[in-house]
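Have a look at the structure below before the remarks.
Each residue takes its place number in the sequence, starting with 1.
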Amino acid sequence: SDLGVIEISNADDDIVKQQNQVAYFAARKVDGLIVVPINEQAAVNITAIAQDAGIPLCYINRNPYSDETLIPQGVYVVGSEEVVAGQLQADYAGKLLNGRGNVVILMGPSDQQAASERRRGNRLVLAEKYPEIAIIAEFSADWSRSKAFAMMMEWIEQHDKHLTAVLAGNDEMAIGAANALANFGLDQVIVLGVDATIEGKAAIQQGKMTATILQDSEAQGKIAAQIIIDATHGKKHKRLSITPLHIVDKNALDSMESDE
């Protein structure tokens, strides 16, 4: 039929599992593949599998290529500029802090471009626009709420409490940090995440988190689907499609709800 079938599988952040899933679909000669790559390393083999099978491939949400010119023929990327997420966070915090304060940065795994680019965005804006905001600690908490919680508990225990903001590379780490801060009564500390997950938005409504960055995953999904449909019909697309990022704080959530 013209409607086609969409099959979905989850690799649970396991590189081998993800490659096996892609190989399985390629062996079945599917018309197209849309993949959220676990990291750049995983993408190397996935790209090879798709190209060997002559199947159009669209990476979504995470861009495994440091430069658009590196994206091979028959491969597409739909995502946001990760560095901008970090820049938006730092600028939002800088304004709320009136340009003065102490910041802790929580980042994802260092081998993932999203993690390192978001951190780079944080550092760029703080250095250029807010020289009186000091980065007093940086941790990699692997996108994990429990790791972020444990690291922040230990850090707050050992250091003075003059912390004014936490910039976390995703909402899960932001929630973990917020829970740790709450244990020490440090509710006035600004906590920012990325992803605008359901739980992240709930934490903002509850006043645990201050704001998050919305990667428009719905828009990304629509664009990726259109690219694959077009590719199967021989239509060309640009290799990189960028979707904009937005700050989501309590005011934005309140206005979203009133729009619905």
Side-chain angles (χ1 to χ4, degrees), residues 1-86 107-121 140 142-144 169-170 172 194-195 215-243 245:
S1 78
D2 288 344
L3 292 173
V5 176
I6 297 173
E7 291 188 52
I8 298 172
S9 59
N10 185 349
D12 301 312
D13 265 345
D14 180 327
I15 290 177
V16 175
K17 188 174 176 183
Q18 186 167 60
Q19 287 169 7
N20 289 341
Q21 287 170 345
V22 170
Y24 165 75
F25 287 126
R28 290 179 46 212
K29 298 194 164 32
V30 295
D31 294 313
L33 291 160
I34 297 174
V35 179
V36 179
I38 289 166
N39 58 23
E40 286 82 51
Q41 197 52 48
V44 175
N45 288 347
I46 290 168
T47 301
I49 293 165
Q51 290 197 304
D52 287 348
I55 297 171
L57 166 66
C58 184
Y59 288 117
I60 186 170
N61 188 264
R62 293 177 188 158
N63 181 356
Y65 301 103
S66 56
D67 192 277
E68 190 175 346
T69 58
L70 301 174
I71 304 173
Q73 195 72 36
V75 178
Y76 305 90
V77 177
V78 180
S80 303
E81 291 182 272
E82 302 293 359
V83 69
V84 175
M107 61 182 282
S110 54
D111 66 342
Q112 290 190 15
Q113 194 195 6
S116 52
E117 283 292 281
R118 288 172 191 177
R119 170 179 173 258
R120 187 168 74 89
S140 175
D142 293 336
W143 305 129
S144 158
N170 74 344
E172 279 297 295
V194 179
D195 286 334
Q215 270 211 76
D216 197 339
S217 52
E218 191 176 325
Q220 289 178 0
K222 285 178 180 170
I223 294 166
Q226 194 59 57
I227 285 171
I228 290 299
I229 290 165
D230 288 349
T232 59
H233 291 90
K235 285 189 196 162
K236 286 274 182 281
H237 258 279
K238 58 184 178 182
R239 298 195 194 168
L240 180 63
S241 301
I242 295 292
T243 55
L245 294 157

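Listed here is the closest heavy atom pair of R118 and G169: NH1-O, 2.7 Å. Of all non-hydrogen atoms in Q21 and A11, the two that sit nearest each other are OE1-CB, 3.6 Å. Summarising the geometry of T243 relative to Q220, their closest heavy-atom pair is OG1-NE2, 3.1 Å, with the distance given to 0.1 Å. Nearest heavy atoms, I38 versus I15: CD1-N, 3.6 Å. Counting all heavy atoms, side chain and backbone alike, I228 lies closest to P56 at CD1-O, 3.7 Å.
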Open item on the list: Assess the residue pair E82 and Q215 against the criterion (side-chain contact (heavy atoms from CB on, under 4.5 Å)); give the C-alpha distance rounded to whole Å, side-chain angles, the decisive distance to 0.1 Å, and a yes or no.
Closed with: CA-CA 9 Å; E82 302 293 359; Q215 270 211 76; 4.0 Å; yes
TODO: Check step by step if side-chain contact (heavy atoms from CB on, under 4.5 Å) holds for V35 and Q18.
DONE: CA-CA 9 Å; V35 179; Q18 186 167 60; 3.7 Å; yes
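Legend: residues meeting side-chain contact (heavy atoms from CB on, under 4.5 Å) with D52, ordered by chain and number and at least two apart, are absent. Residues passing the side chain to side chain donor-acceptor pair (under 3.5 Å) test with K17, sequence neighbours excluded: D12. S144 meets the side-chain contact (heavy atoms from CB on, under 4.5 Å) test with S146, K147; sequence neighbours excluded. Here Q19 pairs with N45 under the side chain to side chain donor-acceptor pair (under 3.5 Å) rule; sequence neighbours left out. With sequence neighbours excluded, the residues satisfying salt bridge (Lys or Arg N to Asp or Glu O under 4.0 Å) with K222 are E218.
For the side chain to side chain contact (heavy atoms under 4.5 Å, CB included) with N61, the lone residue among V78, V36, V77 that qualifies is V36. Applying side chain to side chain contact (heavy atoms under 4.5 Å, CB included) to V75 and the options I46, T47, L33 leaves one that passes, T47.
Evaluation of the salt bridge (Lys or Arg N to Asp or Glu O under 4.0 Å) test over residues 23-40, restricted to residues two or more places apart or in two chains, returns E7-R28.
Looking only at side-chain heavy atoms (C-beta outward), S110 and S140 stay at 4.5 Å or farther from each other.
Between the OH atom in Y24 and the OG atom in S9 there is a gap of 9.5 Å [rounded to 0.5 Å].
In this structure a side-chain-to-backbone donor-acceptor pair under 3.5 Å is missing from N39 to Q112.
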